[in-house]
Each structure stands twice: as C-alpha cells, then as structure tokens.
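Following: one structure in structure tokens, then a few remarks.
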Protein chains: 2
Amino acid sequence: MVLNKRQNDLLKIIVEDYIKTARPVGSKAICELLDCSSATIRNEMAYLEECGLLEKTHTSSGRIPSEKGYRYYVDNIMKPKELTGEDMLKLQTIFSNNSLMLNDTIIRSMEIISELTSYTAVVLGDDSSLNKVSKIEVVPLDENKLITIVITDKGHVEHRNVVMEKNVPMEEIRKTVELINNLIVGTPIDEVSSKLEFEVKPIISQYVKQHEVLYKAFYNAFNNFASDVSHETPFKLKGTSNFLNEPEFSNDADKIRKIVSKFDDNNIVSSIKEEDSGINIYIGSENSFDDDVTVIKTKYKVNDGEGTIALIGPKRMEYDRVIALLDYIKQNIDKNS
Amino acid sequence: MVLNKRQNDLLKIIVEDYIKTARPVGSKAICELLDCSSATIRNEMAYLEECGLLEKTHTSSGRIPSEKGYRYYVDNIMKPKELTGEDMLKLQTIFSNNSLMLNDTIIRSMEIISELTSYTAVVLGDDSSLNKVSKIEVVPLDENKLITIVITDKGHVEHRNVVMEKNVPMEEIRKTVELINNLIVGTPIDEVSSKLEFEVKPIISQYVKQHEVLYKAFYNAFNNFASDVSHETPFKLKGTSNFLNEPEFSNDADKIRKIVSKFDDNNIVSSIKEEDSGINIYIGSENSFDDDVTVIKTKYKVNDGEGTIALIGPKRMEYDRVIALLDYIKQNIDKNS
DNA sequence: ACGTAGCACTTTGGTAAATGGAGTGCTAAA
DNA sequence: TTTAGCACTCCATTTACCAAAGTGCTACGT
C-alpha cells in the first residue's frame with residue numbers, strides 16, 4: 001500500500017482533526033487546506049477507505065481513522081513533537097526535587113502526565129517474584145509477636161507480622177533465623193515456601209525446641225510472599241476518571257462501565273506487560289486491555305530494579321505529545337539512576 | 001414527629017420496596033398489604049411526605065424515601081437481619097484460613113462483601129504517623145546502596161532505598177545507625193525528620209567522618225515517611241465498578257463520572273474518617289463523600305494497630321443485610337486479634 | 001371522624017412522523 | 001485529472017400523540 005503525497009497529507013489532516021475534535025471529518029472542511037475541491041477530496045477519501053485506513057460511521061457521514069489508519073499515522077506520518085515549555089516545566093520541578101526517591105519521582109511524574117493529558121497513568125513496579133532472598137531480619141515486637149523482614153538482592157523489601165501461639169525464648173528465635181538465613185539466601189522468592197517445607201523444616205526440628213510453633217509462624221509469613229499478588233507486582237493507577245471526559249465515552253454509560261470495570265480488576269497488570277525497551281504503542285485490538293483504547297508504554301531500568309510506565313487513553317490519543325512526554329520521563333529516569 | 005402503626009408500616013414497605021426495585025412505589029400496590037384502599041394509602045403518603053420522610057420524582061409519580069426517610073427507617077424501623085447461611089459460609093472460609101495474616105483476612109473478607117453486595121469496599125489501615133519509632137535497621141545492598149528500615153512500636157514497617165553519593169565504609173554507617181537509633185527511638189514518626197535536623201545532625205557531624213553524605217541519605221529517607229501520604233494511611237478499594245450497575249446510576253453517565261472521580265481522588269481517606277466504635281451509617285449528605293451514596297463504616301482494633309472498614313453504596317442500600325455482614329466481620333476480627 | 005369510591009388531572013415514556021442539514025457517490029463536462 | 005452539480009442517504013432534532021401509572025380532591029357512607 002503506497003500513498004502519494006496528497007493522500008499522505010489528507011490522512012494526516014483527518015487523523016489530527018479527529019484527534020482534536022472527535023467528530024467525523026467531512027470533505028468540505030479540507031478543500032482549502034489541500035487546495036482542491038471537495039469532490040477531489042472525496043475521491044481520495046474513497047481510496048483511503050479502500051485501503052482500510054479510514055472508516056465511516058454511517059453511509060453519509062464524514063470519515064474517521066480506522067485502527068489501521070492510526071497505525072499508519074503513527075508509523076509513517078507522525079513526527080514526535082517537541083515538548084512545550086509548560087509541559088516540560090511541570091515535569092522538571094519533579095525531577096529536580098532531590099528529596100524524592102526515584103521511585104516516588106516516577107510515580108509523581110506519571111501523575112503529572114495524567115493530569116496534563118487527561119489519560120490514565122499506570123506505573124508497574126518490578127516483579128519481585130524473580131528476586132532472590134538476600135537477607136532475613138527478625139525484630140521482636142513483644143513477647144509473642146515478631147516482625148519478619150525479607151530483603152531481596154534487588155532491594156525489594158517485604159515484611160510480615162507474625163504471631164506465635166506460645167512465647168518462645170529469644171535464643172530459639174535467633175537460632176532459627178540463623179538457620180533459615182543460611183539455607184534460604186539466594187533462593188528466588190517464589191521458591192522460598194517449598195524450600196522451607198522440604199529443606200528447612202527437617203533441620204529446624206532437629207535443632208530447635210519450639211520448632212513447631214516457630215516453623216508455623218515462619219511458614220505462614222513466607223507463604224504469603226508468593227500468594228499475595230498485589231505485593232508481587234505493585235502498581236499505581238492515576239487518573240481513572242480523567243479518561244471519562246473524552247467525548248467518545250462521555251455519553252455512553254455502558255462503555256464507561258466496561259472500562260472502569262477493567263481498571264477495577266487487577267488484570268491490568270497482565271494486560272500491560274512490558275516488551276522491548278522502546279516506547280510501544282498498542283492501538284485498539286492490538287492491546288489486551290480494551291479494544292476502545294490505546295495503550296502506550298515503556299520499560300525503565302533503575303538501580304534497584306525495573307518497571308513499566310504506561311498511559312491508557314482513547315484511540316484518538318495525542319500520539320505525538322504523549323510520546324514526547326514519555327520519552328522525557330524515560331530520559332530523566334536513566335539520567336538519575 | 002410521631003407515626004402511628006400504620007404509618008410506620010407504610011414507610012417500612014415503601015423503603016424496602018424501593019430498596020429492592022429502585023422504582024417509585026405507588027399507592028395501589030400497597031392496599032392489599034395494609035388491608036385498606038389506595039385512597040387511604042394516598043392520604044397517609046401525603047402525611048409522610050409532609051413530615052419530610054417521602055418524596056415524589058414528579059407531581060404524579062409514586063413515592064420514594066427521602067434522606068430523612070432512610071434515616072428514620074434505619075433508626076426506628078429496621079431490624080438487623082440474620083446472616084443467610086450462604087453469606088456466612090463464604091466469609092467463614094476466609095476467617096478459618098489460618099495461613100492468612102489478619103490484615104489480609106480483613107482485606108479479603110471485605111472483597112467478599114463487596115462481591116456479595118455489589119457495593120464498594122474500603123479498608124483503611126492505621127495511621128502510622130502517630131506510631132513511634134521502635135527500631136532502625138540498615139542493610140547494605142552494595143558499595144553505595146543501603147536499605148533503611150524503620151519499625152514502629154505498633155508493628156508498622158517502612159523502608160527506603162538510599163543511594164549515597166560516595167562509598168562510605170561500613171564502620172561509619174554502623175556508627176551512624178547506632179547514634180540515630182539512640183536518639184530517635186520513641187519519637188513519633190512524623191517528628192523524626194525535624195529531630196534529625198536539630199538533634200542528630202550536630203552529633204553525627206562530630207563523630208562521623210563522612211557525615212555530610214550519610215546525613216543527606218538518611219534525611220532524604222526519613223523525610224519521605226512524613227510526606228508520602230499513601231504510606232501513611234494505606235487503603236484498599238475493591239469493587240468500584242460493581243457500584244455502577246445499580247439502576248439509579250446505570251443510565252446516567254454524569255453521575256457515574258462524578259462518583260468514579262471521587263474514588264480516584266485520594267480524598268476518600270479523609271472522607272471516611274472513623275468515629276466512635278460502633279457501626280456508623282451516613283446517608284447522602286450526612287457523609288462527606290457524595291450526596292448520592294450511603295457510607296457505612298466501622299472501626300476495628302487489632303493487636304498491631306487499628307483501622308476502618310467501610311462500604312459505599314447507593315442510598316437505597318440493603319441496610320439490614322450490610323449491617324449484619326459488617327457486624328460479623330467485626331466480631332471475627334475481635335475474636336482473632 | 002375516618003375510610004373509600006370515583007373522577008379529573010398530571011407526568012412519564014415510548015412511538016411515529018416531519019424536517020433540516022451534513023455529507024456522500026456518481027456522472028458529465030472542462 | 002479535476003471539478004461542478006445533483007440525487008440520495010442517514011442522522012439528529014423536533015413535534016405530535018397516546019397509553020399507563022399515579023396523584024389529589026371531592027363527595028359520600030358508616
């Protein structure tokens with residue numbers, strides 16, 4: 001499929017106009033821009049429709065871009081936009097605030113982007129289930145309560161409160177922790193609970209008097225690390241509602257419900273999986289979140305792990321601006337890590 | 001305002017019917033139930049409307065309860081319902097699962113309630129800014145990265161990754177931590193950063209060589225505890241979308257938007273503040289969340305802190321059932337803590 | 001004094017018809 | 001290859017209309 005210059009220009013005009021107004025674009029409005037008559041435009045439009053790049057909402061309506069049309073626009077027509085001074089300024093104040101941890105900086109800056117664009121921002125933390133245990137700490141709180149803290153090699157920290165059925169002398173606890181530390185360090189976090197069961201349990205029961213109650217306490221604590229999904233891949237959502245102001249949703253209660261439900265589910269995590277390290281754009285059915293939206297996302301790496309940031313918006317997203325914004329954040333993350 | 005028996009019965013019937021059907025209740029449907037003619041019912045209805053307990057949606061519609069009507073119903077008419085076997089069974093399986101931490105049990109059981117009722121569940125953790133520091137741990141990750149972990153007297157754990165600009169010998173770090181521990185333990189968490197500035201800084205700079213870089217690292221870490229709202233009062237939301245299926249919202253895109261926006265804001269935390277320890281019901285304008293909803297909430301206390309659980313639903317909430325459900329959870333929390 | 005039958009009146013909600021406007025496709029001419 | 005012109009299509013909005021549901025009020029009976 002090859003487009004000549006005029007067809008290219010026409011597609012650009014239609015996509016950008018539709019992105020701006022959310023209304024089907026008619027031939028008349030375009031004549032002046034391309035310096036020819038509406039009939040000519042109509043002919044070209046018909047051709048673009050034949051190519052699958054445009055669609056009509058009904059037989060005599062103006063044209064709107066098809067999914068393929070957006071894709072063509074993004075791949076071949078659009079040029080990433082320069083960030084406006086205003087946008088940049090807002091983000092700059094976040095990144096230049098040294099008292100924020102990088103992680104918080106990322107979350108905060110995605111919040112800003114969400115406000116700026118009125119799309120929904122998603123920040124997916126790293127998947128700690130692949131991390132390996134690097135240290136276990138135990139802090140006694142009072143007679144029969146402990147806090148167990150697990151630190152992984154990538155700096156991920158998990159903790160659990162443990163209530164023991166009986167009081168156990170500190171010395172016993174210390175010994176147990178030492179044993180566990182020796183055996184568990186280096187184990188991927190999602191294998192810990194089975195390793196506890198089959199390797200640690202036999203040994204503890206040999207060396208420790210109150211092994212029953214202690215083992216149970218630790219087992220419960222660790223068992224949780226694996227099963228608690230929300231801790232495995234922490235994520236932040238911001239701006240769920242901005243979204244709903246987009247005209248294509250604003251009057252359609254069913255669509256709103258459908259999309260809000262999807263945000264409500266924790267499946268976002270799985271539908272926003274990261275891929276290669278560039279900025280990836282998934283338009284409509286290309287993403288596994290919802291056919292009516294575009295997901296644009298990118299991976300980032302920081303000293304202590306990696307993650308994904310994403311924006312979810314309507315298919316008629318301001319692609320050029322969003323790419324510039326994400327790119328800016330990505331660069332700043334790299335610089336700061 | 002005093003109601004005779006028939007008026008009382010009538011209000012009960014109207015409220016419960018409206019809760020069930022979401023449709024204005026007409027006089028004819030009631031005659032059989034109260035064994036009198038529709039005209040009589042209409043007279044009584046007019047009286048209840050005069051009292052402010054009922055409303056009409058238009059001049060010739062049936063009646064719906066007013067806010068005051070719901071309030072009267074809840075205070076004077078409704079009897080808390082027995083839990084059905086089915087509801088109880090579902091919750092029982094959560095509470096009898098010993099491998100879950102109590103905290104997770106609470107969250108899980110509120111999720112169940114959300115599914116059962118199709119209202120939105122909120123779990124507010126305890127406000128750790130009032131906790132006092134009970135211990136500070138530091139785990140070195142590699143040459144210039146540390147993890148600082150702060151444990152409070154109520155078992156709350158916070159942690160931050162710290163990147164130091166230069167490498168600092170372990171011995172220096174150890175000494176610093178010891179000093180900080182001595183000075184900070186017992187300090188409320190939201191006062192830590194000022195105490196660091198004015199009491200700890202002078203002392204560190206005396207005893208520790210690389211005090212500049214170390215102080216900065218710790219200061220940044222602690223400064224965050226106070227400023228990061230989401231960590232201060234952690235909360236979980238479940239079932240935002242269930243809500244939207246209620247008939248009074250289902251066709252009103254504006255209302256949906258309005259309420260979803262409120263869930264999106266973190267203001268929920270402030271609008272769901274706990275009060276006394278019973279089960280509190282806030283109907284419509286009585287709550288600070290939204291005039292179109294009822295918020296029903298209760299405080300719970302557990303070994304390592306306290307929190308609030310709440311349900312947000314339409315004003316025509318199944319009050320009797322919801323109260324029974326919350327009460328059941330509350331009792332189980334008390335039993336298990 | 002209370003209850004009720006009857007009736008006129010109001011509002012809603014749904015369906016049908018009428019109308020204007022925006023936009024297309026096609027044809028024929030430049 | 002472009003364009004003017006025209007017939008046609010579909011949408012959106014307005015208007016009209018009707019049945020259903022329900023009310024308030026009046027007048028009558030006990």
**OP:** Mind checking side-chain hydrogen bond (donor to acceptor under 3.5 Å, both in side chains) for B:S114 and listing every partner two or more places apart, or none if nothing turns up?
**Re:** B:N242
Original post:
Whole Å only: how far is the CG atom of B:N43 from the C1' atom of D:dC25?
Top reply: 9 Å
Original post:
Under the salt bridge (Lys or Arg N to Asp or Glu O under 4.0 Å) rule, what pairs show up with a residue in residues 22-47 of chain B, not counting sequence neighbours?
Top reply: B:R6-B:E44
Original post:
Would you call B:R316 and B:E246 a salt bridge, using N to O less than 4.0 angstrom?
Top reply: yes
**OP:** Please collect all salt bridge (Lys or Arg N to Asp or Glu O under 4.0 Å) contacts where either partner lies in residues 75-91 of chain B, sequence neighbours excluded, each pair once.
**Re:** B:R71-B:D75, B:D87-B:R321
Original post:
For B:Y72, what residues pass the side-chain hydrogen bond (donor to acceptor under 3.5 Å, both in side chains) criterion, not counting sequence neighbours?
Top reply: none
Original post:
OP1, OP2 of C:dG23 versus side-chain N and O of A:S61: anything below 4.0 Å?
Top reply: no
Original post:
For A:D327, what residues pass the side-chain hydrogen bond (donor to acceptor under 3.5 Å, both in side chains) criterion, not counting sequence neighbours?
Top reply: A:Q331
Original post:
With respect to the phosphate group of C:dT27, does any side-chain polar atom (N or O) of A:R42 fall under 4.0 Å of OP1 or OP2?
Top reply: no
Original post:
Roughly how many Å is it from OH in A:Y47 to P in D:dT1, rounded to a whole number?
Top reply: 13 Å
Original post:
For DNA chain D, what residues of residues 48-60 of chain A have any heavy atom nearer than 4.0 Å?
Top reply: A:H58, A:T59, A:S60
Original post:
For the atom pair OH (A:Y70) and CE (A:M317), what is the distance rounded to the nearest 0.5 Å?
Top reply: 10.5 Å
Original post:
Would you say B:Y119's side chain and B:E318's backbone share a donor-acceptor pair under 3.5 angstrom?
Top reply: yes
Original post:
Hey, can you pull the residues of residues 25-37 of chain B with a non-hydrogen atom under 4.0 angstrom from DNA chain C?
Top reply: B:C36, B:S37
**OP:** Using the test side-chain hydrogen bond (donor to acceptor under 3.5 Å, both in side chains), find all partners of A:D9 that sit at least two apart in sequence or belong to another chain.
**Re:** A:K5
**OP:** Answer yes or no: are there more than 12 heavy-atom neighbours, outside A:K12 itself, under 6.0 Å from its atom NZ?
**Re:** no
**OP:** Could you identify which residues of residues 4-24 of chain B place a heavy atom less than 4.0 Å from some atom of DNA chain D, listed by residue number, or say none?
**Re:** none
**OP:** Rounded to the nearest angstrom, tell me the gap between atom CD1 in A:I41 and atom P in D:dT3.
**Re:** 9 Å
Original post:
Is there a side-chain contact between A:L53 and A:L3, using heavy atoms and a 4.5 Å cut-off?
Top reply: yes
**OP:** With sequence neighbours left out, write down each residue that passes side-chain contact (heavy atoms from CB on, under 4.5 Å) with B:E111, or none if nothing qualifies.
**Re:** B:I107, B:R108, B:K238
For nucleotides 27-30 of chain D, which of its nitrogen or oxygen atoms have a protein nitrogen or oxygen under 3.5 Å away, and what is each distance?
none

Original post:
Nearest-Å distance, CZ (B:R63) to C1' (C:dT10)?
Top reply: 13 Å
Original post:
Does anything in residues 47-63 of chain A pair up under salt bridge (Lys or Arg N to Asp or Glu O under 4.0 Å), and if so which pairs, sequence neighbours excluded?
Top reply: A:E49-A:R63
